[in-house]
Each structure stands twice: as structure tokens, then as C-alpha cells.
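Structure record follows, encoded as C-alpha cells.
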Protein chains: 2
Amino acid sequence: MTVSEKTLANAIRALSMDAVQAANSGHPGMPMGMADVATVLFSDYLKFDPTNPKWADRDRFVLSAGHGSMLIYSLLHLTGYARPTIEDIRHFRQLGSPCAGHPENFELAGVEATTGPLGSGLATAVGMAIAERHLNATFGDDLVDHRTWVIAGDGCLMEGINHEAIGLAGHLNLGRLIVLWDDNKITIDGAVDLSSNEDVRARYAATGWHVVSCDGHDPADVRRALDEAVADPRPSLVACSTKIGYGSPNKAGTSGVHGSALGEAEVAAAREFLGWSAEPFIIPEDIAAAWREIGAKGALVRAEWESRLASHGQKAEFERRMAGELPAGFSLDTYIDGLIAAPQKVATRKASELALGAINDLLPETVGGSADLTGSNNTKTRSTGPLTRDDYAGRYVYYGIREFGMACAMNGMALHGGVIPYGGTFLVFSDYMRAGIRLAALQQQRVIHVLTHDSIGLGEDGPTHQPIEQVMSLRMIPNLDVYRPADVVETAECWELALKDATGPSVLALTRQNLPQLRTEKADENLCARGAYRLRAAKAERKVVLIATGSEVEIAVATAEALEAQGIGADVVSMPSWAHFEAQPQSYRDDILPQGILRASIEAGTTFGWERHASLRFGIDSYGASAPAEVLYDHFGLTAAKIAPQIAAALA
Amino acid sequence: MTVSEKTLANAIRALSMDAVQAANSGHPGMPMGMADVATVLFSDYLKFDPTNPKWADRDRFVLSAGHGSMLIYSLLHLTGYARPTIEDIRHFRQLGSPCAGHPENFELAGVEATTGPLGSGLATAVGMAIAERHLNATFGDDLVDHRTWVIAGDGCLMEGINHEAIGLAGHLNLGRLIVLWDDNKITIDGAVDLSSNEDVRARYAATGWHVVSCDGHDPADVRRALDEAVADPRPSLVACSTKIGYGSPNKAGTSGVHGSALGEAEVAAAREFLGWSAEPFIIPEDIAAAWREIGAKGALVRAEWESRLASHGQKAEFERRMAGELPAGFSLDTYIDGLIAAPQKVATRKASELALGAINDLLPETVGGSADLTGSNNTKTRSTGPLTRDDYAGRYVYYGIREFGMACAMNGMALHGGVIPYGGTFLVFSDYMRAGIRLAALQQQRVIHVLTHDSIGLGEDGPTHQPIEQVMSLRMIPNLDVYRPADVVETAECWELALKDATGPSVLALTRQNLPQLRTEKADENLCARGAYRLRAAKAERKVVLIATGSEVEIAVATAEALEAQGIGADVVSMPSWAHFEAQPQSYRDDILPQGILRASIEAGTTFGWERHASLRFGIDSYGASAPAEVLYDHFGLTAAKIAPQIAAALA
């Protein structure tokens, strides 16, 4: 190579400072500081092919310190990805450019994960590394044999999620996960020691990681460290000692270079310092050619892999799974027919377990788990043995008491492809992992959250454990499907919908307490796909439509019966999914929720938001209490005996 | 003492297993396993006086493993607190009993924090320990000199929040914080090594903690460890090796004893094993007397403290602060008068900094901070120097990149009393600490969250950083006040309201971008206290009421002007607080939002929920994008030029 590695790295620095300067917005410090490390990584370690960015056996690279987005944009451009073009980079952080403020997986092939919320990228990479080992165990070295690389900053390491993520990775001994820590000793507020005196290396070692350090501005030393990391069977932390904003003669090494443009004068000074004389956004041809050569190296490896795939006995199954397609004809109809034939009263968490029994037999790609509530979330079935450091072929992850870590790991598994992850915890603890759920939705990934104990119906555990606002607040996350099924049949239907939607995550809100099977007749379609449907039509002249979800549908039916006994006709509408209902044609919605008739909602959670569908709202707008479930339902007025008179009074 | 320590501990075991058995619900394993440790702690280390449970200089004890609530209920009862009575314990987990499923600070004096969500109790204790050192530095050893003790389980240590909490405690060298870890090697799913192979001791040591181990069933060994912990200047982790459910001959040491009643037969077997022959809920008088004697020991220490307080020069100020009362006559009127006299266009985050300048001068009890976004959240003022391990008298905490840890630490500071904590991060990262915010609301604590960058108005950082659903989803947390002020005056008013409400937390949602001062005339009252008010009355005949919050009030005013130019009269209502508005009399609400007139809402976030107030809703129901703020406002249709025609059309 005639172009020095320092010069290659300077191309990243130049693009980064130029783009941030042009936008007058962004974070030049990290890309400039980590340019040397990234150059070594992309030159000699990362397995990738810009002409086939989605190649299944590529290495995954996650820029967990997502604010340094110009690092990945520069690398993708320089190594020959179709996008971003130099025009894209010129329009960094402008509307329509795929070079958004933070890297977005849905904008650019080569961006494996949407990052920016600190710590989440590394935690997502853990999930990718799990998926890799699982698929390796399933399909063998010929098809699946790659690494997951992460660049993370001090923020990623200080966040709580880091503890959960590295704990899980250490426990599962994910040796193909290598984290390059940008150890620059600077955070936004100033020196790291303003807020932390932790011995990061010792903490990682305590968690089962291999740790190695290097000078992040000495390519040979970086190579030594990466070689050691690759050789070690444990997950590796490579502490790269760097100077933030390296190249900026007056600002490097300070927090001032973290999140602001350098300014024209300092950009000029940096050009001088780096010996970079090209105009902004111009990469001299010899340097560009050297980078393209680096990008071209992966084509051969990919071609060899393609030929192995072509003759592989599991080619079709592997391709189906990686494409995220369910087996042809997948359906739960047979299972549901069985329910219709033999109705049963079970909690919807149990109904979920029953459905999963069928699903996990039909779909070898599901990988389940729970954040230490396996027996309560009912997430484990006979076909999902434990996924452990000794048996990656297992299909059940004991995530430990790590809700947020679980959510992000599942995001990574879905992003990797080839598996459909689901995981359980109590619904109230969705608050712990809300940022992870949101990232699944933003990244458009099929991740299924099994959230049980979904109301005061959990009983004695009391207000810390009783969701009030959680269901409603999850409904407002864009691109998240929230399902609250009312019985064993709806639970199966909702599971089917969650599995069939490859474009976003789902939440299943499920009860601890038993519920009668309300759906006892065979339906022509998946009624939950409508979002809401008429479960029971008024017998007397219709005066009210009762809308309920989950465990309160039973109460709505009892309320309707009490009203009918007084000659007041009442429809009962079950509404397991607001989002699906709102996607129905207006005519359907008007039929189910007709104008000009009293509508009353019943849901054992906040009434906030129910204004959308109901003028009379029964729910709970305070915290719960500790008592048996039936006592609480009465205490909070959620019984037919207490609701029916209020509806009758409203109609009088 | 004639009653052995083992017998004292068995009283805890008996009450715990009896109460769980009676409720047929609860967690006997932890109280039975930690009974010996807790007996030593309460006998010889914890400074408390059951007859004066709120005594300011008492030690704080936090049961972070809150599911083991019978441990604290037993201890409070046995040592002589007025509540819980034995009847309260008999009604464990029943409606009306203060012995709720998990300990609740608002139910029992002696329960210092509401716990149950794992990890949060320990993180809360860190805040208590910060408050203790801060007040010690302020008022001296004579008035403030106590410890904070925690009992935590494996779940508390595995949660991500643990990393943030111990990182902060280690950094601040909170030597008076001592965590007793119930090292029983069991989680709900089974053995701890099912999900973790971490060397917990090494991790704590890496984070600046002193670590000591002991046999949790050997009182002398526990004493040795506690003595060492007390002597060490660092925060201490005391690893107590225990057997979960100790006393249950057939279930101890298994996950089966974690979260279920033992069953009648096993309770009988445990009585036999422990040599405990008393009937359920009966404590033999000699044992009861021995426990009461332990409880009585603190009276003398308290009396000595009372006499020191009586003659202390800062008595009045100390008592004011500990009572949570603001100085008499506290008001921001003078500051606001200055704004009226000299209007200014600033971001509301800057407006918050200006208000804080006045507040922090007036209120010595405020302790501010930020999760590494000090310059962006504008949370630091001239009177708040850093609170560090070398200067606890400082009033500004560099929390590091630890949002959830910050939220819980602030909860602990508020629970301790004597300080009013506020802290900043970006609004979108409220998702990281949502469980902590909820716990502040549930615990009724005055904690103020300064959440800046509150919409797409933050611009280029893009969708990972742009709140969409956050403001609305925070509004639905019971007992949380969410304020979204529209200008520099409203920001001051909202700060005043947040400070004056000692019964719950507040969120201030603040902009990155500059906003004009809309309030330019002196008001007779704090208009934000009304929740919503008419900022601008229609000039032409009123046809529409525009309701907006925060940065969109400016847009509403421009929209109104555009409509008035067409002869369409438009009120503009600013609605900084939904909760305050809903607390107004119906007549006021009807005046501000009259029936029978088109109401349109404008808020740069989800329209979900605005059905409550408006039939026409302008907002953003998708994720944001990366671009300059003004470009995004146009892109998402939130400009007067785009809104006014739609309103005119709706009226046509």
C-alpha cells in the first residue's frame, strides 16, 4: 500500500470535520479520535463487501457511540458502498440525506443498527452475537461464522445498560464480540473523572471479559490488540487510548471538540496539522483508490461463501430464515380449532404459553427468553431448550434480571436476522426497557415482548408492580403494535399477528388471572386483525356500546347482561389493538363504533386517551393497591355491579 | 441478653412465614434468609428510635429487595413502632393494611423508600447518602451524622441501575453507605449461575467500593464484617452468604421458597426445625421484650441529639429545611417583574437557567445536576458549586451518563429531606429513567426533572433524540406534574409551581430553540397555576380556540393572526399543564375551552390524547427526522402557513 494508514485515517478526519462544519452541527471529536482504529479495523479485520452489504455472513459493525456518525458515513463512502455518496455527505444532517444526525439502519445498508441513545448499540451488538452463535450452531461454520464489532465511548460504558449487556455477553461467553472502547477520557461535561473513578478494565474482567489495551493512534499497536482479541475465546474489550478530536491542534483532547463544529479557522488549522491539503469533501484520487481497494477485499470471501451456500443442504431453509419469511402456510388455525372444540378458562399468560407451544414447534427460528420470570411469564415451551455458553443451539435465553438488556439483545437478534426473538417480563417493568422497545419500533424490527401481570389483576404485589399507565403509554409509541387479548383465542390470534408483521415490534399485554374463553365459535378470519370487533351484539334496542380490552372484556359482557336485563341493549366490542382498528376502513369503524350512541370504555388502567373512542370511561387514574385481585376490581369500581348503574344513569 | 440472637431472628422468620401463609401470597425466602443479618443490624448498628421514627439524624434503612417486605414489617413491629401492629401483619397484602405487598413509604414510618422494582432501592439509598453528607457539610456533625443501610438481593445487583448507582457512590466516596448483599445464589428462575457468572465483589472493588464477606447466619461473623464496613472510608458492600428460606427444612436454598407461601405442612416443619413452638402471629413475651429492648436503645441517642439541636445556632433553618418548607415569602415575582420590564427571546432551557439563577440564590436547599449535559440542560448556576468527594457542601452533582441513577438518587435526596433535588437530561432520555420518575410520583416526592430538547425543535440530532410520545406519556403518570412552558415568563412560573408542590415530582419540558417572550404584561397571579389560560383573545368573532403548549404557542399566535386576517376570530390558549387545568373549576374550564366552538391543538408531539381537549389536532404521529429545526417544522406541517388554511377549511 503506497498510501499510509495515517493518510487513510485522515480522509475520515477530513470528511468528518468538513461535514460537521457544513452542517454547523454534529460531533467531530469521536470520528477524528477513532479514525486510526477504524482504519485498521476496516482494512484488515472487518469482513464486509460493499457491493453486497446485506451478505448474511458479513461481520456486523455497530457504532454504539452513534453521535460520531460521520465515522461510519466516511467509512461506507470510502470503501465503496453505493450510499452514502459524497453528495449525501455534503448534506449531512439535512432533510432527505441518509446521513442523519445519528446512524439509522433504515437509511443506509452498512448501518447495522440505529444508535445514539448511549449504551444501546453495544447492548444490541450482544444480541447480534447471540444470533450469530445460535445460527452457527444450527447451520454450521460453512454458512455462519462471523464477528460482531462495536465502537463505544465512555457514555456507552457508564450507562446502566452496559452492565446488563456485558453481563449477558460474559455469561454466554460470546467470544466473537469485540468492543473497541474509545478511551479518550472526555465526556460532554468535561473529564471523565468529573463523574467516574471506575476501573473499567477491572469491571469488564470481573464480568468474564478479556481485556486488552492499545494506543489508538498507533496502527501496529491496534493490530496487536485486535489480534489478541480475536484469539481470545472470551468477549473482548479493546481499550483504545485516543485523543478526542485528534488532528485539531487547538481543541483536541477537550470536551469542546465533542459536539460542535470546529469552526472554519480550526478546520483550516487541522488541515495544516494533518497535512491534508485537499478542498472540503474532496478525497485525492490515490487515497480514494486505496480505500476502494480495502473495500474490494471482501468480494472474494463473499464469493467463496456464496459457493458454499449454493451446494449446502440447508440452503433454502437458511435463506428463508435470513429473509425473515415464515414457512409457507404458517397459521395457528389448527391450534385455534382445538380451542373452539374444547374451551378453557386460563390466564392469557397461560394462553400465550399454549400458543407458543404450537408456534415454537412450527417455527424453528423463534428464540424465547425471560428476564428471570420464566415461570411467571410462561415463556418457555418444550421445544425451546436453554441457549447456553455450552449449547448455542438452544432456543431459550435466561436473560437474568436485565430487562433493558433483554430488549436491546432482542433488537440485535432481529437486526442480525435468522431468528425471531421474544422475551418476557412484567408489564410494569416495560418502564425499565422503554428505550429499547422504542428502538425496536424505530428500527422496524420484529421483536415480541411478552408482558404479563398487566393490571391490578396481578393482585397482592401492589402499586409498584401494577401497571396503570403502561398499556396506554406503549400504544403511543410509533410503529409499536400493542395487543391486549381477552381470552385464549384472542391470545393466539394476537401471537399470529405479531409473528406475521416483519416490520415492527409487538407487545402482548397478558393477565396473571384466569379469564373465561369468550370466543367459542369458529371465526372466518383472525378477528384481532381488525383491531376491534363486535363480540356480542345488543339484544334489546342498542343504547350503548361497551368497549373493553383484555381482562375487562369479561366485565363488559357481564355489564351488558346486567343492562339487557333492564331492557338496555348493549354491544360489547373487544378491542385488542388500537392500531389495527385505526387501520380499518371508515365504514368498518363506523359499524363497530357507531356515531350517535353512547360509548363506554372499560380498561383496568388509565382512562387517559380513551377519549378517542368513548365518552364514558371506566378505569383507574391513580396508583393501584395491594390486595387480592377480586377485591381490587371491586375497590376500583370495575365490576358489572358498579358499572351498569352508571351507564343506565348516563342514558336516563 | 437472655434471648439468643438466633431466637430473635426466628421471630422474624415466624412472622414472615405466617403472614405469607395467611395471605397465601408473598416472598418468605428473603426474610427467612436474612433474618440473622437483620437482627444484628437492628440490634447493634442501626440508629433508630421507634417512638420518633422521623427523627432527622436517624440512620436510613432501605430494603432494596422489596419483595422481602415481611422482613421490614417484622422488624418495625418487633422493635416497637406504633405500626405495623400484629393485626396489620395478620392482614399482610390485604386492602387497607399498611403491610402492602412491597414496602411503601407513604404507609409506614420506618419504611424510608418504596421498593420492589429491583435495583431502585439501592440507587435511592445513594441519594440519601448524598443528602446526608451534603447536610453534614452544611450543618455539621452535631446535627447530621448518620449512615444509610441497604439490604439488596441478586436482582438489585444484576439490574443496570446498579452499575449507575454504585458508580456514583464510588465516585463520591459515600463511606456512610453500607449495602448488605443477600448472597444466596438464587433468583426466581433458579441458580444465579443460570444467568450470571459475574464476580460481584471484583466489580464493586473496581468501582471504588470496599468489599467484605461474611457468613450471614453467624452473628459474630456478621458483626466482624459490619465493623470493618463501618471503619472503612469507602462505601461498603457486605456480601452475606445466606441460605434463602433458612428454617424451611425442605425448601431452603431453592427458588421454590422465593415467591410462594411455604404451605401449611412446610410451615409446621419449619417451626419444628427452628424450635419455634408459638402459635402463628404470637411472639412469646420474653422474645418480644428482648426485641422491644433493642428498639428502646435509640431513645437516648435521639435525646442527646435533640438537646444539641435545641441549642444550635442553625436550629430554625435546619428544621425548615427538614420540614421541606420554602422560606417564608418565597416567590419569583421580582424576577418575573424584571422579565416584563425587559422582554427577551431565549430558549426555555435558557429561561430555566435564568430562573434557576434567582431560585438558587433564594433557596439554599436546592441541589442541581445533570446526566452529563450540563451545558445543554443549562442546569448549573453561579451559586451551585460542584458537590464532590472533597466538598460535599457543593450544590451541583455531575451525575455522569447515568439518567436512571440520577432519577433514583434524586428520589433518595428528597426522601432523606433537607434538600430539593433537580436534574437534567434530554427529554427523550426520560425513557431511560421512567421507572425512577414513576417512583418519585408514587412516593410523593418533590423531585424536579429539567428535560430539555423537548421536540423536533432540537433539529439535526434526528429521531433517536427527538421526543414524540414522551411529553404525552409522562402526562399520564399519576401524581407527576408535567409542565411545558411557552416562554421565559411561563418557565419561571412553572419553576415556582414545581418548587411549591412538596407532594410530588415535576417535569419541565424545555426547548433547545429560542422562543419569543409572549407574556409581556404583568399578571395578577401565576397564570400557569391555572394549567391553561387565554393568552390572546379573538378580535373578530370567535370561531376557533387554538390550544398549544411550549414552543407551539408561538405558532398558535401566528396561526391566529393569519386567521384573523381572514376575519376568523381565534383565541389562543397556552396550556403548560394539563393536570393543573383539570383541577380548575368547571366554570373556568368552560370559559377557557368553551363548548360548541372548534378547538384545535398544536403540539410538536403525538396527537394521541389530545382528543381530550381538541377535535382538530396538529402534531407528529411518526418519528422525527434529522434536519434544522425550521425545516422540520415545515416538513411536519407545523407552521401557521400550513395550519391556518386547514382550520379555515374545517370552519367552512
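Chain naming here is simple, since letters A, B, ... match the order of the sequence lines and numbering starts at 1 in each.
At least one donor-acceptor pair under 3.5 Å links the side chain of Y432(B) to the backbone N or O of P117(A). Using a distance-only test at 3.5 Å, with no hydrogens or angles considered, a donor-acceptor pair links the side chain of S626(B) to the main chain of G101(A). With H171(B) contributing its side chain and E198(A) its backbone, the two residues share no donor-acceptor pair below 3.5 Å. Under a 3.5 Å cut-off, the side chain of Y623(A) and the backbone N or O of A441(B) do not form any donor-acceptor pair.
Looking at D193(B), the atoms closer than 4.5 Å to chain A (heavy atoms on both sides) all sit in the backbone: N, CA, C or O. Only the backbone of L157(A) has a heavy atom closer than 4.5 Å to any heavy atom of chain B. Heavy atoms of S255(B) lying under 4.5 Å from chain A are absent altogether. Residue contact with chain A, scored on non-hydrogen atoms closer than 4.5 Å, involves the side chain of A625(B) exclusively. Of the two parts of M433(A), neither the backbone nor the side chain holds a non-hydrogen atom closer than 4.5 Å to a non-hydrogen atom of chain B. Neither the backbone nor the side chain of S430(A) comes within less than 4.5 Å of any heavy atom in chain B. Only the side chain of S25(B) comes within less than 4.5 Å of a heavy atom in chain A; its backbone stays farther off. Contact of D372(A) with chain B is made through backbone and side chain together, with heavy-atom distances under 4.5 Å. With a 4.5 Å cut-off on non-hydrogen atoms, H27(A) touches chain B through its side chain but not through its backbone. Contacts of W610(A) with chain B are absent, with no heavy-atom separation under 4.5 Å from either backbone or side chain. Contact of H102(A) with chain B is made through backbone and side chain together, with heavy-atom distances under 4.5 Å. For Y399(B), the part sitting under 4.5 Å from any heavy atom of chain A is the backbone (N, CA, C, O) and nothing else. V192(A) does not touch chain B: none of its heavy atoms, backbone or side chain, sits under 4.5 Å away. Heavy-atom distances place the backbone of Q466(A), and not its side chain, under 4.5 Å from chain B.
Sorted by first and then second residue, the salt bridge (Lys or Arg N to Asp or Glu O under 4.0 Å) pairs involving residues 467-479 of chain B (not counting sequence neighbours) are R438(A)-E469(B), R475(B)-E603(B).
Under the rule for a salt bridge (Lys or Arg N to Asp or Glu O under 4.0 Å), the partners of D634(B) that lie at least two apart in sequence or sit in another chain are K642(B). Qualifying side-chain hydrogen bond (donor to acceptor under 3.5 Å, both in side chains) partners for E630(A), counting only residues two or more places apart in sequence or in other chains: none.
Note: G170(B) leads G462(B), G170(B), G167(B) in heavy-atom pairs under 4.5 Å with chain A.
Along residues 202-209 of chain A, the residues that come nearer than 4.5 angstrom to chain B, judged on non-hydrogen atoms, are A202(A), R203(A), A206(A), T207(A) in order of number.
To the nearest 0.5 angstrom, I401(B) atom CD1 is 8.5 Å from S196(A) atom OG.
Contact check for R612(A) versus F608(B): side-chain heavy atoms found under the 4.5 Å cut-off. E164(A) is not listed as a side-chain neighbour of H163(B), based on a closest heavy-atom distance of 4.5 Å or more. Taking the side chain as every heavy atom from C-beta outward, H613(A) and E611(B) never approach each other to under 4.5 Å.
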